Each structure stands twice: as structure tokens, then as C-alpha cells.
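First up is the structure itself, then whatever we jot down about it.
Lettering of chains follows the sequences in order, A, B, ..., and the numbering in each one begins at 1. Since the structure is predicted, the reported quantities are computational estimates derived from the model, not experimental observations.
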Amino acid sequence: MGKRKSEIEGNTPKKIKPHWAMGLMDAMKDPKNIVKSDDLVTVIKDAYPKAEFHYLVIPKEDISNLKALNKDHVELLKHIENIAQEVASLEEHKNKIFKFGYHAEPSMAHLHLHVISDDMNSSCVKTKKHWNSFNTPFFLNPQDVRESLETDGKVSLPTPQQCKDYINTPLHCHKCKYEPKHMPDLKKHILTHL
DNA sequence: GTTCTAGAAC
DNA sequence: GTTCTAGAAC
């Protein structure tokens, strides 16, 4: 293995978050985004929903991402999952199916659990990455995340290469065997499952 | 994360 | 010629 570019150039390998990655902080503070909150978490609507309903459950404790978790956070994760289930069960979501997951490599700082209806029917879904981040193993099951934390004291994550492969997986419908030619094709196709 | 757009794909 | 996607953004 060759040296990484950052090492060759003598840069610090530690990544610095760009300003846009801090967006959840501000979104969390703005009352108009807040769906519900308690001592431990805030639930907001995703600013660019990737389905008809799309929420984020965010702990108030400053946790950057899954890598920052330890066994002391297991109860918090259980709480996050419970709140996610509560939000999904709201009356306005009657007859909707929801799924829950953490992105393996989130773009935004601050731990957040996605609570998203399974229709994927949204004008904000535009790219293969959008699609695959919710419809491949890039979308991590919350129980699996919590159980690996309980067992190992840290969250078991796919490697960066596995993440790339998940995101670059050829497009496929999440409800049937259909393999679309491209995103506009897929976006038309999913309307048949509504 | 989004926006924009060059050039690939058709 | 138009549609679509992938990569830069100071």
C-alpha cells in the first residue's frame, strides 16, 4: 500500500468538517423544524425529504457520529429507536410503512437516525447516491448498530470501500426486481408501487 | 448535504 | 440535439 496523499503532503489526516456539514445544529434549534423533543432527543423534518415523510431523530448530547459511541450510549440508542417508532406511529402516517436507519457514512455532523416512509417518492431524490443510501446495506439497521455496540463496545461499520460499493450499486427498485436504466426511469417506476 | 454544469450517453 | 450523471465548489 502506498502512502496516502495527505501523508505525502504532510497534511493532517484529520478531516475538517465544511460549514454545510454543520447544518443539523441550526436546523435543530429552529422551532419550525421540530416535530417533537424531550430531555434526550430532538426530532426534526429532514430539510430535503427523500420520501413523502422523512424525519431525523437527533440526540441532544453532542455526538458526532457512530464512531463516537461507546457502551454508555446503549440506553440512549434504545431511546432514539423508541422515539423513532413513536414518530412513525403518528396518526398522520396511518397506512404508511416506515423504515429506520443510520447512514454508514453520513454527510452531516451530529448523530442522526433516519425515519423515512418506504415510498421514496420525493422530488428531492435525484441521484444514485440518494437512492442507494436508503436502499442498500449503507442504510444500517438500528438494532444491529446497537447490538454491535453492546457486544464490542463500538459500532461495527462497513469499510470505506464497502460504502463506495454500496453507493455505486446498480439501481434497482426497492419493492420488486425492476432494474431501471437511470434515475428518471426509476422515479417513474416507483409510482406504480404507491 | 445541495447546486451547477461539462461532457458522456443516448 | 437532448437527457442524464458525476465531480467541483477557494
Side-chain angles (χ1 to χ4, degrees), chain A residues 4-6 8-35 41-60 62-69 80 84 87 98-140 142 145 155 157-158 160-174 178-192:
Chain A
R4 285 175 297 164
K5 195 175 179 225
S6 60
I8 295 165
E9 292 176 353
N11 296 334
T12 147
K14 183 78 180 174
K15 284 175 191 166
I16 296 155
K17 286 280 180 192
H19 60 287
W20 55 257
M22 306 303 294
L24 287 185
M25 269 279 249
D26 307 314
M28 228 163 92
K29 287 176 195 155
D30 194 335
K32 79 176 198 297
N33 299 324
I34 298 177
V35 173
V41 302
T42 302
V43 183
I44 63 169
K45 290 193 177 192
D46 192 292
Y48 295 87
K50 302 304 187 296
E52 291 177 10
F53 300 97
H54 186 182
Y55 307 91
L56 304 176
V57 184
I58 311 171
K60 287 185 172 170
D62 185 1
I63 301 170
S64 58
N65 56 47
L66 294 170
K67 294 176 186 173
L69 293 174
I80 288 171
V87 170
F98 275 79
K99 50 187 191 180
F100 310 94
Y102 300 97
H103 281 158
E105 284 181 347
S107 298
M108 306 291 273
H110 282 88
L111 187 68
H112 55 283
L113 177 64
H114 291 270
V115 177
I116 185 168
S117 57
D118 83 338
D119 49 84
M120 294 301 287
N121 180 34
S122 164
S123 59
C124 296
V125 176
K126 295 175 177 177
T127 67
K128 177 183 275 189
K129 180 170 185 177
H130 290 153
W131 187 266
N132 283 336
S133 67
F134 291 98
N135 295 295
T136 69
F138 188 89
F139 195 63
L140 302 174
V145 165
V155 176
L157 292 169
Q161 185 56 55
Q162 284 176 310
C163 287
K164 275 184 192 173
D165 291 343
Y166 292 144
I167 291 304
N168 288 323
T169 301
L171 291 173
H172 56 90
C173 177
H174 59 318
Y178 187 66
E179 294 181 0
K181 296 284 182 295
H182 41 52
M183 281 303 295
D185 192 5
L186 179 53
K187 288 176 67 65
K188 269 184 233 167
H189 170 81
I190 60 171
L191 301 177
T192 68

Rounded to whole Å, NE2 of A:H19 lies from P of B:dT2 at a distance of 14 Å
Return yes when atom NZ of A:K164 has more than 12 non-hydrogen atoms of other residues, nucleotides or ligands closer than 6.0 Å, and no otherwise. no
Using whole Å, what does the distance between atom P of nucleotide C:dC10 and atom CD1 of A:I16 come to? 18 Å
What I'd like to find out is whether the side chain of A:F53 reaches to under 4.5 Å of the side chain of A:K45, using heavy atoms alone. no
When the distance from CG of A:D46 to C1' of B:dT2 is rounded to whole Å, what number comes out? 12 Å
Ignoring backbone atoms, establish whether A:H130 has a side-chain N or O less than 4.0 Å from OP1 or OP2 of B:dT2. yes
Base-pair string, DNA chain B, Watson-Crick plus G-U, cut-off 3.5 Å on both distances, | for inter-strand, is .|||||||||
Between B:dT2 (P) and A:M183 (CE): distance, integer Å: 12 Å
Any base atoms under 4.0 Å from A:P184, or only sugar-phosphate, or nothing? Heavy atoms, all strands. sugar-phosphate
Round to a whole Å and report the spacing from NZ of A:K128 to C1' of B:dT2. 19 Å
Do any side-chain nitrogens or oxygens of A:K187 fall under 4.0 Å of OP1 or OP2 in C:dT3? no
Return the value, rounded to whole Å, for the distance between atom NE2 of A:H182 and atom C1' of C:dT5. 11 Å
Counterpart residues, side-chain hydrogen bond (donor to acceptor under 3.5 Å, both in side chains), relative to A:T169 (two or more places apart): none
Within the pair A:K126 and B:dT3, is there a side-chain N or O less than 4.0 Å away from OP1 or OP2? yes
Any donor-acceptor pair under 3.5 Å linking the side chain of A:H112 with the backbone of A:H110? yes
Could you tell me whether A:K50 contacts a base, only the sugar-phosphate backbone, or nothing, with contacts defined as non-hydrogen atoms closer than 4.0 Å? sugar-phosphate
Between CG on residue A:D185 and CD1 on residue A:I190, distance to nearest 0.5 Å: 11.0 Å
Where does the angle between the aromatic ring planes of A:H54 and A:H114 fall among parallel (under 30°), tilted (30 to 60°) and perpendicular (over 60°)? tilted
Separation of C:dT5 P from A:I167 CD1 (nearest whole Å): 15 Å
Indicate yes or no for a side-chain donor-acceptor contact from A:K99 to the backbone of A:N135 under 3.5 Å, with no hydrogens or angles considered. no
When rounded to whole Å, the CG to P distance for the pair A:L186 and C:dC4 reads 13 Å
With a non-hydrogen cut-off below 4.0 angstrom, is A:K129 in contact with a base, only sugar-phosphate, or nothing? sugar-phosphate
